[in-house]
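If you're wondering where the values come from, they're calculated on a predicted model, not measured in any experiment. These values consider heavy atoms only, across backbone and side chains, with no hydrogens, waters or symmetry-generated copies.
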Amino acid sequence: MTENVVHLYKNTEPPTDEASVTTLTVVPEAPPARPVPLWVRSGRAVKTAATHERTKTTVRAVARHGLYTFNGGRIVARRTWDGRTGARYERMIRAAEAAGNNELAEEWEERLQRFRDARHRRRMDLLHSPIEVAKGAAVGTGMGIGALVALGIVMAISNGDVKDVITPLTATIDFIALLIRIVQIVWGPALILGPLFALLGMWAVGSKQQAAPQWALPANVRSSEGEPITPSIVVKALRHLGLPALRNAIKAMDDGGAAMLSPIVIAGCGVEVDVHLPLEVSTVEVQQRRRKLAENLNRHEHEVFIMIPEAARTVRVWIADSGALDEPIGPSPLVTDETMTANYKTGRAPWGQDLRGDAVELSLYQRHLLITGRSNQGKTAALRALALWLALDRSVTFWIADLKGVGDWGMFEGIADVLIEGPSDDHVIQATEMVEDAVEEMNRRIEVRRKDPKAVFPTLIVTVDEAQLAFMCPAVDDAKRPYGGSKATSRYFMAVRKLHNQGRAVDVLMWQGTQDPTDQNLPKLVREGAHTRASLVLGSESQAKMALGDKAVEEGAAPHMLRQGLDKGTLVVATDGIKMPKGQSFITVRTHFIDDDPAKAIADRAKALRDGVTTLRVIERGEERDPLADIAAAIADAPRLLTTDVLKRLAMLDRDAYDGWTNGDLKRVLEAEGEEPKKSHGRMVVHRDHVLRALANRDAEGSASASE
């Protein structure tokens, strides 16, 4: 749209100065909008009317009351049929046979036979009843007429009028005529009102039974979340699961599907029921419709779990009370019971509660452990809770690498012999060397066991938290061998594999915690080497199979169905270390959360049970070493230490400096200070006092030299 500019002059001649000119801008009016076609306006009106809430409410009301009447008629017809035939008895017989209760089946069969006998007698009576009725009517009519005539005679004698003889007969005939007249008057309206009353009765039955789809019911009825689970609700949920074969099979069952269900039993904060599926339906088809089943049961998806029990063609459905899984569980017994101790071989760690509300205790004896899941969902807390319990067994030794490095494992200083904390490549290298040292310790124990089959060793738990950093580490050593990766050249991968292969035989166990599992950050051979595999919330079913194995997921394990952020600390666990129902391959555990301060208190109790442990920490690589000071640090608070143990601790302290050291190297350093190793009970040991004396003498000599 353009603007028209009009100049107005004060004089008739065009002025020479701009001040004498007045400029007006004339903006033409916008063209009128095109009228909306009538059919468009009509369509919009129809759409608005069709989608209006009042229209929806009206449609639901019409559908609801119509279906109340129709389905109420079906219910009345079925009840009538059951009352007139032996259908009810036959259904109960089949249900009893399906449940294997032969005694109950025989009892219902006897009732059915009695019903049939009574029905037969009634039918035989009906065959003879017309003759008996005719005879009775003739006799009754004759007697009635005779009585009326006798009454008329008495009245005639009494009144002296012979006409009174027929007065009773006339009165009776007039009464019958009146009844006929009344029937004639009422018959017309009755033909109209009778069906209406019948429809009203059917509507009342349907309304009482709520015989209409959920979408058509009133809002207060549709909102049935949290209602008790009954057999009829379970059968209805299965019938509307979207499986035509299952729906048709339920319809064909005489008992309406009740024989499919085991008794519904209370199981913790919910109920549990076994469903024996018909031949046409597989357990996998039901598992794949978990969300639909939960919605049909008026529950959220995370409140329904489908498992595969030992029985063939059966699914076990656990249904939580509405909102129960959002309630926190109680504190750990480690926190509440300060007298609790642990036993690696015979004890079980208190870890949490299962869905039934029962305590879950995990046996750690000779079982490698893997916990995985998304970040910030409680992986470290779940792993640390097990370590805190096991720390109460003074015979257990810990080597820990926390590759997150934010202090989650700091309370294990004074408990763990090795504690590495940090996310850098140097920390990963230290963790890899720690695991390789564990392999050497395992091999040493195996050699001792060959010579002495009865040899017993203290348990060594090698823990790597955030292990995905070790697998993904790009660093290589001087021989060009990578620390990370999943090939045979990977140092961390091969060390873990060796521990998985032979470590449990001599009680050298590998515990790992890692984030979202993939083939890159958690290789297949490593994850399948763990005896206890647990998973927090994951992103996909394929990750769930990596974490727990195909078998557990195929039987219903579903960590990928847990809710990010809402199901923190909830683990799906595949292990033989937890007591589970026979045939069940996994269990869902809501773990106890032990915060940092209670964890430190538990750690202090563990330290009090031990003689004192000096924890070796990461030392910067490449710095200049003081062998004598490092020997003192390796011995720590022990009065004396075997030379082989001193060498191992030196290698952990700095592999670059001490890897490859022998007893001769150790002896050379100590002899130079005048404190060579001594024999004790036939074995070479290094005394702490001797090393400290050598350090003191050296420092004194250094001070004297400086003063000169």
Side-chain angles (χ1 to χ4, degrees), residues 344 393-400 413-420 430 433-462 495 499 502-503 505-509 607 609-617 619 625-696:
Y344 163 70
D393 184 344
R394 58 182 299 175
S395 67
V396 178
T397 303
F398 291 92
W399 294 359
I400 300 173
E413 182 164 1
I415 298 176
D417 286 2
V418 180
L419 180 59
I420 301 169
Q430 291 282 345
E433 293 171 349
M434 178 189 76
V435 178
E436 290 175 336
D437 289 338
V439 174
E440 292 181 7
E441 172 65 15
M442 175 190 71
N443 292 334
R444 183 191 70 80
R445 294 183 179 190
I446 291 174
E447 288 297 324
V448 173
R449 182 68 61 83
R450 287 176 181 172
K451 298 176 182 178
D452 181 9
K454 296 183 179 180
V456 178
F457 308 102
T459 304
L460 173 59
I461 305 296
V462 183
L499 288 182
Q502 295 177 293
V506 288
D507 291 317
V508 178
L509 302 179
K607 293 173 188 177
L609 296 173
R610 298 169 183 261
D611 295 332
V613 176
T614 300
T615 300
L616 296 180
R617 284 188 171 269
I619 297 177
R625 311 301 313 168
D626 180 352
L628 187 61
D630 286 345
I631 292 171
I635 296 175
D637 295 332
R640 58 181 179 273
L641 201 64
L642 295 175
T643 55
T644 54
D645 291 339
V646 174
L647 291 173
K648 284 191 294 184
R649 292 193 173 194
L650 287 173
M652 285 186 221
L653 201 61
D654 193 331
R655 184 175 289 270
D656 291 341
Y658 299 115
D659 191 22
W661 264 39
T662 63
N663 285 330
D665 297 315
L666 185 62
K667 183 178 180 182
R668 172 178 51 78
V669 172
L670 293 174
E671 281 184 344
E673 303 294 339
E675 300 290 351
E676 68 277 2
K678 301 290 191 298
K679 260 191 179 180
S680 175
H681 298 87
R683 301 184 69 180
M684 298 300 294
V685 298
V686 179
H687 289 265
R688 182 187 60 174
D689 293 342
H690 297 175
V691 177
L692 295 178
R693 184 168 59 198
L695 278 173

Judged by atom type as modelled, is there a donor-acceptor pair below 3.5 Å linking the side chain of R610 to the main-chain atoms of D393?
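Yes, the answer is positive, given that a donor and an acceptor are paired below the 3.5 Å cut-off.
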
For [X], check side-chain contact (heavy atoms from CB on, under 4.5 Å) against everything at least two apart and list the hits.
| X | value |
| --- | --- |
| L647 | W661, N663, L666 |
| Q502 | M442, I446 |
| T459 | Y344, V396, I461, D507 |
| L642 | T644, D645, R683, V685 |

Distance from L628 atom CG to L695 atom CG, nearest 0.5 Å?
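Answer for the CG-CG pair, L628 versus L695, is 4.0 Å.
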
Can you measure from CD1 (I420) to CH2 (W399) and round to the nearest 0.5 angstrom?
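Nearest 0.5 Å value for the CD1-CH2 distance: 10.0 Å.
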
With sequence neighbours left out, what residues match R640 under salt bridge (Lys or Arg N to Asp or Glu O under 4.0 Å)?
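If we apply the salt bridge (Lys or Arg N to Asp or Glu O under 4.0 Å) test to R640, skipping adjacent residues, there are no hits.
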
Contacts of R445 that satisfy salt bridge (Lys or Arg N to Asp or Glu O under 4.0 Å) - sequence neighbours left out
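By the salt bridge (Lys or Arg N to Asp or Glu O under 4.0 Å) rule, R445 matches E441.
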
Identify the heavy atoms of [X] and [Y] that sit nearest to each other, and give their distance.
| X | Y | result |
| --- | --- | --- |
| V462 | A438 | CG2-CB, 3.6 Å |
| S395 | P458 | O-CB, 3.6 Å |
| A495 | V439 | O-CG2, 3.5 Å |

What do the steps show when you test R444 against E447 for salt bridge (charged side-chain N to carboxylate O under 4.0 Å, His left out), and what is the final call?
CA-CA 5 Å; R444 183 191 70 80; E447 288 297 324; over 6 Å; no

In the structure I gave you, are the side-chain heavy atoms of L419 and I400 within less than 4.5 Å of one another anywhere?
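Yes; the side chains approach each other to less than 4.5 Å.
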
Minimum side-chain heavy-atom gap K451-R449 below 4.5 Å
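In short, these two side chains do not touch, never coming nearer than 4.5 Å.
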
Of all residues at least two apart in sequence or in a different chain, which pass the side-chain hydrogen bond (donor to acceptor under 3.5 Å, both in side chains) check with R688?
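R688 satisfies side-chain hydrogen bond (donor to acceptor under 3.5 Å, both in side chains) with no residue once adjacent residues are dropped.
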
